[in-house]
Amino acid sequence: MAPHKHSSSAGGHPVGFSSGGKANGLYQPSSTAMAAAKKPNMQLIQADHELFLQAFEKPTQIYRFLRTRNLIAPIFLHRTLTYMSHRNSRNNAKRKTSKVDNLLFKVEKTRGEQDTQSLASNLQLTFTGFFHKAGKPSQDSENEQNSVSLEVLLVKVCHKKRKDVSCPVKQVPTGKKQVPLNPDTSSGGQAKPGSFPSLLVPSSEFEPSNSHMVKSYSLLFRVSRPGFPRTQINGLANGDSHHGRDFTEEAVNRKRRGSSVREEGETTFVAQMTVFDKNRRLQLLDGEYEVSMQEMEECPVSKKRATWETILDGKRLPPFESFSQGPTLQFTLRWTGDSPEHSTAPVAKPLATRNSETNQDTRPVTLRATPAPTVKESINTDTQTRREHILAEPRQKLRIFYQFQYNNNTRQQTEARDDLHCPWCTLNCRKLYSLLKHLKLSHSRFIFNYVPHPKGAKIEVSINECYDGSYAGNPQDIHSQPGFAFSRNGPVKRTAVTHVLVCRPRRTKPSLSEFLESEDGDREQPRTYISGHNRLYFHSDCCIPLRPQEMEVDSEDERDPDWLKEKTVKQIEEFTDVNEGEKEIMKLWNLHIMKRGFIADNQMNAACLAFAEHHGAHIVKHNLCRNFLLHLISMHDFNLISTLTIDQAMAQLRLLQNQTNKDREDEEDEEEEEDWETAVESQPELDPDHDPDPSEYRSCSDETNIVENGNHQHQQQQDEEEEEGGATGTGRMKQKLSTRGSVQV
Amino acid sequence: WAKSGIKYRDGMWRRRVKSEYMRLRQLKRLKKAEEVKNLFMSNRQKIEEQTNLLNSDWSKLRIQSIPLSTSSGPLSGKKMCTVEFGFPSFKPQAIAMRPLSTVAGIPFMYSWSPLQHNFMVEDETFLHNIPYMGDEVLEQDEAFLEELIDNYDGVHGDREGGFISDEIFKELVEALSQYSDHEEEEEDDAAATEAVGKKEEERVMRRTRDLSGSKKIPNEKIFTAIASMFPYKGTTEELKEKYRDLLEPPSPVKLPPLCTPNLDGPFAKSVQREQSLHSFHTLFCRRCFKYDCFLHPFHATPNVYKRKTKEIRMETEPCGVDCFLLQVYQNMLRSQRSRRRRRQQRPTSSSCPGPSGSTEESKEGDSDHETTSSSEGNSRCQTPTKLRPGDDDGEQQACCVVQWSGAEESLFRVLHGTYFNNFCSIARLIGTKNCKEVYEFAVNEALIHRVPLEDGGISPQKKKRKHRALSSVAPDNSSNQVYNYQPCDHPDHPCDSSCPCVMTQNFCEKFCQCEHECQNRFPGCRCKTQCNTKQCPCYLAVRECDPDLCMTCGAADHWDSKVVSCKNCSIQRGLKKHLLLAPSDVAGWGTFIKEPVQKNEFISEYCGELISQDEADRRGRIYDKYMSSFLFNLNNDFVVDATRKGNKIRFANHSVNPNCYAKVVMVNGDHRIGIFAKRAILQGEELFFDYRYSQADALKYVGIEREVDMT
């Protein structure tokens, strides 16, 4: 949505609650209550008004705030909405003809141009001529009148300092030139480029210089034409220049306070163009320009009454009258030399396409840049009404009556408008259907019902009691962007919660009937397509918000949470009459079962084999093979596994054992000298073909334990016990037993 | 003078007892505080590590930066904050105010532990802490607290004032005996100076006492004094006895280790099969397949189970050129003697004693004798008794030179009980002996005649915690009452009216000790469909399909996939829906569902602590006060309490118009609570179920409804 500026008097106000009706466009309180009780008492009216305010004030305030916010930082553009398609000036017609090959061509072209442009620095102005219908043609070459004197000033608007009332302005004269009046352009190549008067504004002028920080630069053209009757151009300049925006926005009437009428019979025309706006953006690109000039007004206009015009984008194409009639100044603008600012400047586009793109952006800026942009007030209001008139005319005075229902729909007030602007956000919907759709979708705090009316339309407005004020946006935003409130400069890209929506809802033909009040009460509202997850979820263990990428993982729902694993290990460790080997196998097995979640007897064969597969290495490493065998036998005793499984599992283990033994032997060769323990340990203790005598076997396993001390905590504990001998082990156990009982007699 | 002296003495002793006792307690407290501090610190460290881990994870994530407004931005709506100083030398400083956007608070939540399966806990007879009810304790609350404390045996740590543990008692006596020693001396030598060298003396005393090792029972006065200070601890004599008892253990006579040595360790001993397997047998839960499971307090030992198949097959082919079978064959040909030996061995293996009278659960510390004798059906070989390695040395040396370690011998006996005379397999499993050696060892073992066992001597109880006895099942069951299932075990008679399963109107399960052909056994279903209609006998009986009984519906396969054709096995497989936690639209937290579900689909199991009804009563009182309860009646014996442990469904709120319903289902012998969809539920919907159907007085906890109810 383009930023629309409204003067307070321009009728752009939404429903005027407090201020009452304005003369233009608002048919104020033709309310039924008022009509009935004109004389009874003012109190009743007051009370009624109070009720009315009560009902509508809050939501209206909210929508007005939102309107302003949307102007500053639009979340979406109205023109992209289906029902507002007429606001979209672009079409996709070009797409059909576009070819991929053209892309490269285009890029290359722009590249080349940019290269040349980057060299530019100084602003060179070559004036082709000053055109004014009222003037005489330039054939009369001898006549002194065939040229006018042009003065070009560079206006620098500086930042306001504390004491300044208004922005200080500096004017730097760049030169005076004689410009041909109404030259004959039809005979194109007649004049060589060099022959035209030209001016050069050095780049240094655009660099920040003295104490005042320059906000913006603009060029002020001042043409003095001697002996010209001014009345002839007066109305023209005022009336139509409002719409003469498509060329350069600077064509608005302006008057500098300082300027004055030169001499009798000499008229001065002025025009101003912004070179750099306050954001240091280059506004003037290389190209040919034709500036519509304004005659200087004498009467000083007070600043307060200054106003400007709503731009009805594209609604009424401005007439080119001003250009056909003048007064206009034609010149060619060129940046030469190298300058830091312009390298990035885009290429000038053809005149016709420039308007829609830039003028709205820069307009407020330029207005601000000029110290006293003034339009004669009387003329302004004049044009205003005139415009309104024109606007309403083609629509046959479509009048919209807003009927506000409140106090449980017992009271109502009616207001009428002549245009199709939304009363809350002043958006020009330009079609009744669009207006209704907009109201319905954007202002859902109200309920709107459409009632056909001979003069146009009646819209019943009531408060939507069912309005869900909860945050409907992405719930992640609230938490994932704990940024600063009100700190947004513009639209912020949100955390994406991506849904693939394959949905082609039946799109009914737009018809006004869809806004009629439905008889059967609440019609089934179409379900939201992305149902459900419109809230922020939390992790159940820590209450931290769930980030969108974590949505798919069902965390905290595992079968074996850490605490449970620890618990089972601890619980087994607590036993005093279970030996370390047994404990170790039991712990391993429990964790295995918990992880896999076995539930059936017939899973046990597979479970044991999987256990051997996954924990085999650990079992071999920690010398638990026999305990594992005991476990298997026990499982077999419980009738859960077959002997075949025992054989298979043990075979797997033996395989691992042989491997590790082999590895150890290999290592042993290298580490023989430094570690005698490994040497002893690496005896193939469980080699089936080997018959170790018991004493040797004993010592060997003893060594194993010592070596593996560091590997496992429990193992370590066991080993400590074992090193101390069985006696100490019982000592520890005893301690446990004694703490259990107490002197309870 | 003498009398007053005695009185003085008594008073002095009492004072000594008191001061010593206080000192000891102070020490204890300090020690305890130190322990707690250490634990706390280690916990902190753990947390820190975890936090660092998480932080490093986070730092790796790509997080969208927050666009901050630059100073060039519109200054509208921005306030400047300035700091001004009284001193002129400091310039006032100003910065744009950046208000943070408000973040909605989240509801209150007590911490809880996640769980996907019920967890049985014992009754708490001690109140762990006095519940905190807010800062201002109202009058009625105080009354409530008193009443609450009456329900318990006491409050944790409350009795500290008069509490003497064995340890403190012993230390107290020892500390006091120093005085007494001193006093004796004093009496001997009345002129002994108190100030000089008292400490020295004491130290000497102590040293001598320590050196002497066995010490005399201290002065009687000490016990008298203690007895007068702590009258409920018993008389002087009793205390003396107690002290003597306490002195006993450190004496050189040590109790034998309660556990069998590690078979993989260096001290493995040659023990009985039952001894080797004792831990595995007693701790293994046949229902959870885990050791010392969280759910079932009693684990039946396996020997009482009947073996389904007699899968023991004799190896017919020799395993190698040195196989014992070849040798046996030769021996058979060669000598009659060896054949006789074999025959002698056979009878031992096959002839098993008749059915034992009572097969108690191993809890009772059944003797080896009993356990083995009960293995009648398995035709398990009665393993010969304990062999001291030294005993059979001579004999072994006689036939072969092979040395058998204790571990190997134990292992052999274990395997022999399973593989019988399949010596090739046994040898393979033992690994260190070949089958010939095994065979010879077996022959030797069989020859050695049995040594009677000492009862209970080798069968220590696996008991680290006292298990609460099950609340006795009242037989006056009306039909709507559901009792907890406990595997029945009455070997001498079939499941008739005296069978606990029959009495509680439960089916016999695969865990029962009764015959497979038992009339009370549930046969399972033979459905080929989804088992979600009453056509399915399992569904009709509010049971989930048993993967070991229902072989056709799919409950017994598709282990690796989430899609099972049988829809009646969701709880056991944990096929829960993805649930999400968010502030509820109703009250507090709520449970939300991630994906849409259809009517009657399983959503989640309501998990928690399994507590007895008594315990639930006690806890319920506190929960009532808090106005928040996670109690859920499971059956007549147990209640599921999701307060401390649970899963996300615990946050589902109550509604009279719910979208879910709860159903207690028998799942492989356990009652479990399933939450199912009452209607089709869309994704993101909050889940509700009607507490009233499951919780007797759930209305208490739903404030609004209660008010409505009362008016």
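For clarity, every value in this text was computed on a predicted model and none was experimentally measured. Chain letters run A, B, ... following the sequence lines, proteins first, then strands; residues in each count from 1.
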Worksheet item: Is there a donor-acceptor pair under 3.5 Å between the side chain of A:Asp601 and the backbone N or O of B:Asp548?
Response: no
Fill in: Min side-chain heavy-atom separation B:Met551-A:Asn602 under 4.5 Å
yes
Fill in: Heavy-atom check, side chain of B:Ser279 versus side chain of A:Met586, under 4.5 Å
yes
Item to complete: Report the C-alpha separation of B:Phe280 and A:Asp637 in whole Å, then their side-chain angles, then the decisive distance to 0.1 Å, and conclude whether the side chain to side chain contact (heavy atoms under 4.5 Å, CB included) test is met.
Response: CA-CA 10 Å; B:Phe280 289 102; A:Asp637 286 350; over 6 Å; no
Looking at [X] and [Y], what are the two nearest heavy atoms and their distance?
X	Y	value
A:His539	B:Leu581	O-CD2, 3.9 Å
B:His281	A:Ser634	CD2-OG, 3.5 Å
A:Phe575	B:Leu283	CZ-CD2, 3.4 Å
A:Pro561	B:Pro114	CG-O, 3.5 Å
B:Ala582	A:Leu536	CB-O, 3.4 Å
A:Cys543	B:Trp589	SG-CZ2, 3.9 Å

Response to the item:
Paired with A:Phe638, the ring pair (Phe, Tyr, Trp, His ring centres under 6.0 Å) test is passed by just one of B:Phe511, B:Phe284, B:Tyr291, namely B:Phe284
Can you tell me which of [options] forms the most heavy-atom pairs within a distance under 4.5 Å of chain A?
options	value
B:Leu579, B:Leu411, B:Val667, B:Ile593	B:Leu411
B:Lys594, B:Glu595, B:Lys576	B:Lys594
B:Glu686, B:Met109, B:Gln572, B:Arg573	B:Gln572

Which distance, rounded to the nearest 0.5 Å, do you find between the [atom1] of [X] and the [atom2] of [Y]?
X	Y	atom1	atom2	answer
A:Lys567	B:Asp292	NZ	CG	9.5 Å
A:Asn627	B:Ser276	CG	OG	9.5 Å
B:Leu277	A:His636	CG	NE2	12.0 Å
A:Met604	B:Arg286	CE	CZ	9.0 Å
B:Leu415	A:Ile633	CG	CD1	4.5 Å
B:Lys510	A:Asn639	NZ	CG	12.5 Å

Pick one of side chain, backbone, both or neither for [X], based on which atoms fall under 4.5 Å of a heavy atom in chain A.
X	answer
B:Arg287	neither
B:Cys569	neither
B:Ala556	both
B:Leu429	both
B:Pro596	neither

Sort [X] into side chain, backbone, both or neither according to what part of it lies under 4.5 angstrom from a heavy atom of chain B.
X	answer
A:Leu630	both
A:Ile593	side chain
A:Ile585	side chain

Discussion item. Is there a side chain to side chain contact (heavy atoms under 4.5 Å, CB included) between A:Met594 and B:Gln116? Walk through the geometry before answering.
Written reply: CA-CA 10 Å; A:Met594 278 161 69; B:Gln116 295 307 321; over 6 Å; no
Fill in: Parallel, tilted or perpendicular: rings of A:Trp563 and B:Phe119 (30°, 60°)
tilted
